Amino acid sequence: MKPGHEDAFVAGWQAMADWTASLHPGQADVAHLLRDRADRSRFISFGAWPDEETVVAWRALPEFAAHVDALREHLDGFLPGTFDVVAEIGTG
């Protein structure tokens, strides 16, 4: 994170999350943004998706690229990924 860009990044992330939620109405768990308490410039974003095809289609949209480009203005680095749940508790 570039120093002093934290609030602008959060606002840009929120705009991207709102746009994403508008594409997937009814999906309760679209996105989360976590902030590291020990390093206030470190964030992790994640969300649940119904399937990999939906993620691939979302990432292929021109609006996705525009949102990511806007976020990159505030970042020193960006590491996207797609992850699978391999263990969890408290889901029932």
Side-chain angles (χ1 to χ4, degrees):
M1 178 72 54
K2 295 178 182 174
H5 286 242
E6 293 84 0
D7 291 343
F9 170 76
V10 171
W13 182 93
Q14 186 66 59
M16 184 173 184
D18 290 342
W19 165 74
T20 300
S22 75
L23 297 176
H24 303 280
Q27 186 176 336
D29 189 13
V30 175
H32 304 276
L33 182 64
L34 305 179
R35 187 175 195 173
D36 190 329
R37 289 183 179 181
D39 178 357
R40 304 293 289 164
S41 67
R42 184 173 182 227
F43 295 85
I44 297 173
S45 174
F46 69 95
W49 290 90
D51 52 58
E52 187 173 356
E53 292 77 23
T54 304
V55 176
V56 170
W58 172 67
R59 288 180 176 162
L61 294 170
E63 295 91 341
F64 174 84
H67 280 287
V68 170
D69 287 346
L71 291 175
R72 285 183 195 268
E73 293 179 25
H74 309 293
L75 303 173
D76 291 325
F78 175 71
L79 182 61
T82 302
F83 300 85
D84 294 314
V85 174
V86 295
E88 61 187 351
I89 62 169
T91 60

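Note that the structure is a prediction, hence the values are computed from the model and not measured.
Criterion: ILVMFWY side-chain heavy atoms under 4.5 Å apart, direct or through other members. Under it, V68 and L61 are part of a common hydrophobic cluster. Under the 4.5 Å side-chain heavy-atom criterion for Ile, Leu, Val, Met, Phe, Trp and Tyr, F78 and V10 are members of the same hydrophobic cluster.
Across every non-hydrogen atom of G81 and R59, the tightest pair is O-NH2, 3.0 Å. Across L71 and M16, no two heavy atoms sit closer than the pair CD1-SD, 3.8 Å. Among all heavy-atom pairs drawn from F64 and W19, the shortest one is N-CH2, 3.5 Å. When all heavy atoms are compared, the tightest approach of H5 to H74 is ND1-ND1, 2.9 Å.
A distance of 10.5 Å separates CZ of F43 from CH2 of W13, quoted to the nearest 0.5 Å. Note: D76 CG to M1 CE = 8.5 Å, rounded to the nearest 0.5 Å. Taken to the nearest 0.5 Å, the CZ atom of F9 stands 12.5 Å off from the NZ atom of K2.
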- Task: Go through the steps for H24 and T54 under the test side chain to side chain contact (heavy atoms under 4.5 Å, CB included), then give the verdict.
- Result: CA-CA 10 Å; H24 303 280; T54 304; 3.4 Å; yes

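Within the 4.5 Å cutoff, side-chain heavy atoms of W49 are placed close to those of W58.
Residue D36 places its CG atom among more than 12 non-hydrogen atoms of other residues, nucleotides or ligands, all under 6.0 Å distant. Counting heavy-atom neighbours within 6.0 Å of R42 CZ, excluding the residue itself, gives a total of 12 or less. No more than 12 heavy atoms of other residues, nucleotides or ligands lie within 6.0 Å of CZ in R37, so this atom counts as exposed by the packing criterion.
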